[in-house]
Amino acid sequence: MFNRMKTTTCSLLIIISLLQLMVTVNTEDTVDSFTKKLKDLLSYQNGRPSPVTKTLSCTSVKAMGTLASCPNGMTVTGCSCGFACGSWNVQNDNVCHCLCPVIDWTAARCCKLA
């Protein structure tokens, strides 16, 4: 009986996790918020403004199909996929690859620190 309850509980947790992945999130606002916080952190060193100014520039690239490539010199910081696919990986630090069997678009958030 205990094993059956354990299996049921694990199954329920997996289903809840999958449902959370399917919820639409405004990734643009989330990434922009993260970018702003990162810029703020980069401008301070040991609690004081840094004498060296670094600039973080980011852009989004959207492409049809399963791959979206960042412009030269930029690195992928996040990916999103069409058809609510939450399964992706990053190839060569600059390409988002969506892994679901049916994908209509792929987007990459690309950043560069200069």
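All heavy atoms count here, side chains included; hydrogens, waters and symmetry mates do not. Throughout, numbering of the chain's residues begins at 1 and tracks the sequence. Just so we're clear, the structure is a prediction, and the values are computed from it rather than from any experiment.
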*Spell out, with a plain yes or no, whether C100 and C85 have SG atoms under 2.5 Å apart.*
yes
*Quick one: pull up CH2 in W105 and NZ in K62 and give me the separation to the nearest 0.5 Å.*
5.5 Å
*Do we see a donor-acceptor contact under 3.5 Å between the side chains of T77 and R109?*
no
_Would you compute the distance between atom CD1 of I103 and atom CZ of F83 and round it to the nearest 0.5 angstrom?_
7.5 Å
*Over all heavy atoms of both residues, which pair between V76 and N94 is shortest? Give the atoms and the distance, please.*
CG2-C, 3.4 Å
*Do the cysteine sulfurs of C79 and C96 sit under 2.5 angstrom from one another?*
yes
_Looking at every heavy atom in both T106 and C98, which two are closest together, and how far apart are they?_
OG1-SG, 3.3 Å
Sequence neighbours left out, cut at 3.5 Å: what donor-acceptor pairs do the side chains of residues 66-74 make with other protein atoms?
none

